[in-house]
There are 2 protein chains.
Amino acid sequence: MTQTSPSVTGREKAVDALRELILRGDFPAGARLGEVELATRLGVSRTPVREALTRLAAEGLVELVPNRGARVSKWSVEELKGVFDLRTALEPELTALAVPKAGPDDVEELDRLARRMVEVGSPGAGQDLDALVPLNREFHGRLVTLAGHPALAGALASAVHAPIVLRNFHTYDETSLRRSLAHHAEIVAAVRAGDPEWARAVMTAHIRNARAVMVRAAREQENA
Amino acid sequence: MTQTSPSVTGREKAVDALRELILRGDFPAGARLGEVELATRLGVSRTPVREALTRLAAEGLVELVPNRGARVSKWSVEELKGVFDLRTALEPELTALAVPKAGPDDVEELDRLARRMVEVGSPGAGQDLDALVPLNREFHGRLVTLAGHPALAGALASAVHAPIVLRNFHTYDETSLRRSLAHHAEIVAAVRAGDPEWARAVMTAHIRNARAVMVRAAREQENA
DNA sequence: AAACCCAGATTTGTGTGCAATCTAGGACGG
DNA sequence: CCGTCCTAGATTGCACACAAATCTGGGTTT
C-alpha cells in the first residue's frame, strides 16, 4: 500500500509527508491537526492539505469532524479489538499467498529483517524499541507485497496503521516481545520451507499475541 | 458504512449524492467525471466536488489520475476476483456475527426483503432486475449492520461496491439467479434458527456463486 | 498516406479571500 | 458560588481566480 508513483503533485506530497509524520509518531494520537499549521510545515497552501486530510481520513489515520477540524485517530478498546479482528481475517491469508511467490532473495531479505529485529529488540544494552517499528513495517509490508493481492492488501492497510500510531513496541512486556520476535523468525522458516499453512498459522498466532498486548495496554490507558 | 450523520456540509452532501449516482448506475463504469460538470450538477463549487472525489477514490468507486481527472472505476477480471476474495474473507464472518444479534423484527425484515426479491427476480412477466439491486443492497446492508463490527464492515464496503457498479443482476443466468435468491431465503432461515455456522456457510456459497457469475461476465466483456 | 508537431482550448492543481461556524473567556443574573 | 449568555478571536467551508498541465485539431513534413 505504499505510494510508488512519482507523486509530483503537491497533494500526493502532502499525503505522503503527513502520513509519514503520523506513523513516525511526530504527532501523538488525538493531536489536533490545524490546516494552516500543516500548510506552513509542509510548505504548501491549505488546499492540498485539506485534500491530504480527507484522504488520510479515508485511510483511517485521522478523524475529520465537520467544522471542527482534524485530529490524529484514537482507538477505543472495542475499536482496537475490531482492528485486530480485521487483521486476523486478512493477514494470515495474505501470508499464505506470499509463500509460493517468495524467491530465494525474498526469503533472504525477510530473514535479514527478522534477525535485525532480534538484535535491536532483545533486552539489554543495544535495545532500541523505536528502531523496531520501521523494521516491523518493512517485514509485514514485504509479505503483503509478495502475496500480490491488491484487494486484500488495500483492505488490510488501515488495520495495520492503528498499532503503529500507538507506538506499539513500548507496550510489550518482555515475554510477549520475545514471542513476537520468534514469530517473525518462524514465519521466515515456514516461507523457506514452502509451507503456506505453517506460515498462516504462525501469522495468526502473531496477530493474536499482538492483540492481547495492545488490548491490555489500551484498557490500562483508558482506566487512567 | 452508510453515512448516518446529518451531513450538513456541502462536502458530505456531494459525497453521498455522487456515490448514490454511481451506485444507481447513472454513470457507466469508466465514465469520465469532470469537476465542473459535477459541480454544476450538484449545485456546489469545484472545491467540495474535488474532496468528494478523493474520498470516493479511497472507497474504490472512482479512479483518480493526477492531472487527468476522475473516472468511474473499472475492474479487470483479476481485480474482480480479488474483490470477491475479500468478500469471501469478510462477509461470511459478518453474517455469523449478525445471527445472535438479530431480533424478531430483524428476521421479519430480512424475510420480507428475501421474499420481495423472489417476487421481482423470478423470470416471467413481473421480472424487474433493476429493482433487485437496491433490495439486495438493503439485505446485505442489514446483515452487516446487525453484526455490529465497524472495522470489518468498513473493510468490506469497497468490495460490495464493485458488483453493484457492474449492474450485476443482468449478468446472471437463470440457474445462478434462482440459486442466489434461494441463498437469501436460506440465510434468513439460518438467522431464524440462530445458527451462525449455517448462515456463514450459505453466505460463503452465495458469494462464490456471485463470483463465478461476475468473473464469467467480465471475461466475456474483456474478450469483446 | 502516415507520422509528427504545434498552438488553442479545455481541464486540473493551487493559492487566497470571505462567510459561516466553533471555542474560550468574561459579564451578568440567579 | 454556580450556571447561562454573550462577545471576540480563531478556524474551517466554500467559491473564485490564476497557473500548470493535458487534450484536440489542423497543418506540415517525410
Side-chain angles (χ1 to χ4, degrees), chain A residues 2-22 26-74, chain B residues 2-22 26-74:
Chain A
T2 46
Q3 192 69 31
T4 54
S5 65
S7 297
V8 286
T9 76
R11 167 175 50 177
E12 288 301 320
K13 232 178 39 185
V15 171
D16 292 345
L18 185 51
R19 177 170 31 216
E20 221 45 44
L21 283 175
I22 295 174
D26 286 33
F27 297 102
R32 200 169 138 23
L33 298 171
E35 294 179 0
V36 285
E37 173 200 348
L38 293 176
T40 310
R41 183 154 183 172
L42 301 177
V44 292
S45 86
R46 280 175 54 213
T47 309
V49 169
R50 284 179 62 81
E51 305 206 341
L53 286 174
T54 65
R55 221 175 114 160
L56 292 178
E59 290 183 18
L61 268 179
V62 311
E63 282 167 7
L64 219 46
V65 184
N67 289 315
R68 297 177 67 193
R71 321 186 77 87
V72 178
S73 287
K74 274 178 114 167
Chain B
T2 46
Q3 192 69 28
T4 55
S5 65
S7 299
V8 285
T9 75
R11 168 175 48 178
E12 289 300 321
K13 231 178 39 183
V15 171
D16 293 344
L18 185 51
R19 178 171 30 217
E20 221 46 43
L21 283 175
I22 295 173
D26 286 32
F27 298 102
R32 200 165 144 20
L33 297 171
E35 295 179 0
V36 284
E37 174 200 348
L38 294 175
T40 310
R41 181 155 185 172
L42 301 177
V44 293
S45 86
R46 281 176 53 212
T47 309
V49 168
R50 283 178 65 79
E51 305 202 342
L53 286 173
T54 65
R55 229 181 105 160
L56 292 178
E59 290 183 18
L61 269 180
V62 311
E63 282 167 7
L64 220 46
V65 184
N67 289 314
R68 298 179 67 190
R71 322 187 76 87
V72 178
S73 287
K74 275 178 113 168

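Predicted model only: the values in this text are computed from it and were never measured. Here is the naming used below: chain letters follow the sequence lines, and residue numbers restart at 1 for every chain.
- Between B:Asp26 atom CG and B:Leu21 atom CG the span is 5.0 Å, to the nearest 0.5 Å.
- Atom-to-atom, CD of A:Glu51 to C1' of D:dT12 comes out at 15 Å; the value is rounded to the nearest Å.
- A donor-acceptor pair under 3.5 Å is absent between the side-chain atoms of A:Arg46 and the main chain of A:Val36, judged by distance alone.
- Contacts between residues 34-41 of chain A and DNA chain D, defined by a heavy-atom separation under 4.0 Å, are made by A:Gly34, A:Glu35.
- Each of A:Gly43 and A:Pro66 was matched to the nucleotide of DNA chain C holding its nearest heavy atom; the match closer to the 5' end belongs to A:Gly43.
- Between A:Leu61 and A:Arg19 there is a side-chain heavy-atom pair separated by less than 4.5 Å.
- You'll find the side chain of B:Val49 stays beyond 4.5 Å of the side chain of B:Leu33, heavy atoms only.
- Within the structure, every side-chain polar atom (N or O) of B:Arg11 is placed at least 4.0 Å from both OP1 and OP2 of D:dC14.
- Per the geometry, CZ belonging to B:Arg55 stands 12 Å off P belonging to D:dG13, to the nearest Å.
- The shortest distance between side-chain heavy atoms of B:Leu42 and B:Lys13 does not fall below 4.5 Å.
- When side chains are defined from C-beta on, A:Phe27 does not count as touching A:Val62, because their heavy atoms never get closer than 4.5 Å.
- Residue contacts for A:Arg46: at a heavy-atom cut-off of 4.0 Å it reaches a base atom on one of the strands shown.
- For the pair A:Thr47 and B:Arg50, the minimum side-chain heavy-atom distance is 4.5 Å or more.
- B:Leu53 places its CG atom 13 Å from the C1' atom of C:dT11, with the value rounded to the nearest Å.
- Applying the 4.0 Å criterion to OP1 and OP2 of C:dT21, one finds that A:Arg68 has every side-chain N and O outside that range.
- Separating the CG atom of B:Leu42 from the C1' atom of D:dA15 is a distance of 15 Å, rounded to the nearest angstrom.
- Residues B:Gly69 and A:Pro48 both approach DNA chain C. Their nearest nucleotides, taken by heavy-atom distance, put B:Gly69 toward the 5′ side.
- One atom, CG of A:Asn67, and another, P of C:dA20, lie 12 Å apart when rounded to the nearest Å.
- Within the structure, every side-chain polar atom (N or O) of B:Thr47 is placed at least 4.0 Å from both OP1 and OP2 of D:dC14.
- Ionic pairing of B:Arg55 and B:Glu12 is present here: one or more N-O contacts between side-chain nitrogen and carboxylate oxygen are shorter than 4.0 angstrom.
- Computed from coordinates, the A:Glu12 CD to C:dT14 C1' distance equals 15 Å when rounded to whole Å.
- Each of D:dG13, D:dA15, C:dT14 was ranked by its minimum atom distance to the side chain of B:Ser45; first place goes to D:dA15.
- Listed for the A:Arg11 side chain is no donor-acceptor partner under 3.5 Å among the backbone atoms of A:Pro48.
- Defining each end axis of the helix from C:dA1-D:dT30 to C:dG30-D:dC1 as the rotation carrying four pairs' C1' atoms onto the next four, with five pairs an end, the two axes are found to diverge by 20° to 10 degrees.
- Between B:Arg32 and the phosphate of C:dT12, there is a side-chain N or O to OP1/OP2 separation shorter than 4.0 Å.
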